[in-house]
Each structure stands twice: as structure tokens, then as C-alpha cells.
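Take a look at the structure below.
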Amino acid sequence: MSLSALGWTAREAEAFAPYAEQGFVPARVGVAYGATFRVYREDGEMLAEVSGRLRHDAKGRRDLPAVGDWVVVRRSETGDRGTIHAVLPRKSLFSRKVAGAETTEQLVAANVDTVFLMTGLDHDFNPRRLERYLATAWESGANPVILLNKADLIADAAADAVLGELGPVGTGVPVHLVSVKFDRGLEALGPYLQPGQTIALVGSSGVGKSTLINRLLGEERQRTAEVRESDQRGRHTTSHRELVRLPGGALLIDTPGMRELQLWSADEGLQETFDDIATLARECFFQDCRHDTEPRCAVKNAVADGRLSAERLENFHKLQRELEHLARKQDVLAQQEQKRQHRTIHRNARKWLKEKGAK
Ligand code: GDP
Ligand code: ZN
């Protein structure tokens, strides 16, 4: 597989250039088994371990490889194993909190271009949940696309109502009504599935993620459970690859953590998901107004005169509270480090998007 088929672009080539002169080879992480990684190279794949130096210098989990990462590898003498010396800058990163004595971070997927936020137009349909997924997606640096699956279950006339219910949640984000099972609306996914593009799927259990993956793979690589099972582990026993090349040339990242993503300090994402509130907030008297009990609050004024729904402000507050709760659980140092890296990742992501847009 060529590097570009693995998602390599001018961006990675530039970051890798200094290493090329020193005899390193680039590879993309396809599977993470704890400390060992299966990496894909131009001429095949191999197992690789993180070098002692990289491990020692790592200030946090973020400095170590994740599925989807481009890594700098030194091959062993025999050539069948490798050592990972560096992780190239990411254009996006999904991570989540791991509950325990201390909240730590788990890297879920790196360098995802498009993340499909999937929901079913059955009892699963929940604009609030989509709002959270969106916040997480924006925070990651990947481009979110909303897939409303099981469109066959609602009358065509009801589709408008559903989109209306989605309201501002879907503003500025592509929204596609599809029926994976009946192969309807899937042609709309074409632009996101171009060769070398990396995609990932997020959504609760039962929305149709496995069905879509099977469809994209074009074969029954992954058994779709007809009945929703509480044991999710069974779903992943058949798939030994976490980064899979689809027949059309796009790359799919499917890790257990990716499918059901938890919130991880989505502060910046919060601003973008609620950009109507953020815009109004610029007119608030206090710069740090929480739109709660403060006087001369432009957001509450907008609710009072009907320009903003009370429900939306309530959701904003709810998500804000959750994020604050999460933030308190992290220790201060970890937070500072994370902020610094987020900024870099965001800067990189924006730069990358700008360059992509300029092409
Ligand atoms: P996952 O848990 O998100 O991977 O969901 P699955 O792919 O296992 O699908 C859950 C159930 O929804 C299965 O019974 C599928 O057959 C069904 N399903 C998937 N897509 C559609 C669709 O477009 N319409 C309808 N009616 N059912 C669907
Ligand atoms: Zn305010």
C-alpha cells in the first residue's frame, strides 16, 4: 500500500522530512495492543514498540502513539520489528476520560478527517446527545457529519419535522438522512470516502454502525447483531484491525472506544456547538458572564424576547456543568499540559483545514 493510500499527505511529508535523512521510515498505527503497536508501512506491516527515550520523555499519554497516528520508525536489523521514535503532529485526536482513582486520558483515535455522528430515527433520536457528540467532534479537530439513520422508519413528510427538531444543533454541519439497511441516501457519503481519507463512526449502540461498516466493507466482515446485546466486546472479536482500508480507498478507524465516545474537556467544542449563544454573549455586560444570575445578560435577554429558546440555554448550562465537573476531576498540571497540547493540535488542525480549503 502506498503512503498516500494510508492517508499520507504533504503535511506528513513535511513533518517527516528531518527524520528521513536519518534513516527512519514512516508508518501508520493500525492496532494498539497496550505498549505494542501494529504499524502499516509502504511495504507491509510489522509490530513496533515505543523507544525508551520517547517513553521517558513523554509528559502524558498524548505524547505516545494512538491508532491512526503517523509514527517515525527505526527497523530492527532483521527488519521484521520496529521501534517508534516519534509521533508526527496530529491533525485531529479523539480521547476520553478513564474513570478511576485519578482521571486519566485514553487516546481513542488520531488523524480522523471525518467523523460520522450517527443516530437512529427511532427511539434513539436525541438532539441533545448529538449536541454532545458535536462538541466532542469539534474539540477533536475532525470534521463532524451527522447521519440520521433508519429514515425508512419515518414518513418522508416527517423528515422535515425531524430536521426542524434538530434545529440549530445541525447548523454548519452536513446532515444526511440515510437508511443503511435499505441502501438509501448512502451516495451522499461519497465525498467523505475519497481514497486516503480517514473516517470514524460515533453513536450509541443499535443505531446501525455495524450495518454501515459492513456496507462499506462490502462483505460480512463484521457480524451485525440483529438483537442489541449488552456485551459489546463480542462485536470486536472478529475485527483484528482498528484501522481498516475500505474497498473504495478510504480508511476507517473502528476502535471500541471510538464508537461510544465520552466527553473529554470539550470547552472549545462547547463554544462552537453553541455559537449562537457565543455570539449573543459578546453583548453581555460581564465578559465572564455565565448567563445565570448576572445582570445585563444579552443571552437571557434573547430568551426573554424569544430570539433564543429557553431549552437551548438550559442545554448549554447542562453541558457546561458537565464539563466543569470533569475539569475539576483532572489535576491542575494535567489540565495545563492538555490545554497547551490542545492549542497546538487546534492550530495544526486549523492550518491544515485552511491549506486543504486553499487547494
Ligand atoms: P450498532 O450497534 O450501531 O452497530 O447497530 P447495528 O448495525 O448492529 O444495527 C442495530 C439494528 O438496527 C439492527 O437490527 C439493524 O438491522 C438495524 N438497522 C440498521 N440500519 C437500519 C436502517 O436503515 N433501518 C432500519 N429500520 N433498521 C436498521
Ligand atoms: Zn450573559
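- One finds a salt bridge joining Asp113 and Lys91 here, because a Lys/Arg side-chain nitrogen approaches an Asp/Glu carboxylate oxygen to under 4.0 Å.
- Counting only residues at least two apart or in different chains, ring-ring contact (aromatic ring centres under 6.0 Å, His included) contacts with residues 141-167 are absent.
- When only modelled atom types and interatomic distance are considered, Glu139 and Thr136 share no side-chain donor-acceptor pair under 3.5 Å.
- The closest donor-acceptor contact from the side chain of Glu294 to the backbone of Arg290 lies under 3.5 Å.
- Here the rule is side chain to side chain contact (heavy atoms under 4.5 Å, CB included) with Met118, and of Val202, Leu212, Leu148 only Leu212 fits it.
- The backbone N or O of Glu49 lies less than 3.5 Å from no partner atom in the side chain of Thr36, so there is not a single donor-acceptor pair.
- Using a 4.5 Å heavy-atom cutoff, the side chains of Phe37 and Val50 are in contact.
- Between Trp70 and Trp8, the ring planes are perpendicular. Angles over 60° get that label, and only those under 30° would be called parallel.
- Contact check for Leu134 versus Pro144: side-chain heavy atoms found under the 4.5 Å cut-off.
- Within the 4.5 Å cutoff, the side chain of Met46 has heavy atoms near those of the Val73 side chain.
- Classification of Asp276 and Arg312 as a salt-bridged pair holds, one side-chain N sitting under 4.0 Å from a carboxylate O.
- Within the cation-pi definition used here (under 6.0 Å to the ring centroid, within 45° of the axis), Arg28 does not qualify as a partner of Tyr40.
- The shortest side-chain heavy-atom distance between Ile213 and Leu201 falls under the 4.5 Å cut-off.
- One N or O on the side chain of Ser92 and one on the backbone of Val112 form a donor-acceptor pair closer than 3.5 Å.
- Proximity of Val244 to Leu217: side-chain heavy atoms (C-beta onward) are separated by under 4.5 Å at one or more points.
- With contacts defined as side-chain heavy-atom distances shorter than 4.5 Å, the pair Asn214/Thr211 does not qualify.
- Side-chain N or O atoms of Asn149 include none that pairs as donor or acceptor with a backbone N or O of Leu177 at under 3.5 Å.
- Look at Asp69 and Arg90 and you find a salt bridge, because one of the NZ, NE, NH1 or NH2 atoms lies within 4.0 Å of a carboxylate O, short of that distance.
- Asp152 and Lys181 are not joined by a salt bridge, as no carboxylate oxygen comes within less than 4.0 angstrom of a charged side-chain nitrogen.
- With hydrogens and angles ignored, the 3.5 Å screen pairs no side-chain donor or acceptor of Arg245 with any backbone N or O of Pro195.
- Around atom CD of Gln22, more than 12 heavy atoms belonging to other residues, nucleotides or ligands sit under 6.0 Å away.
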TODO: Show your reasoning for whether salt bridge (charged side-chain N to carboxylate O under 4.0 Å, His left out) applies to Glu242 and Arg38.
DONE: CA-CA 10 Å; Glu242 295 177 324; Arg38 178 169 294 280; over 6 Å; no
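- Taking 4.5 Å as the limit, some side-chain heavy atom of Leu308 sits within range of a side-chain heavy atom of Val299.
- Taking the side chain as every heavy atom from C-beta outward, Ile154 and Val162 approach each other to under 4.5 Å.
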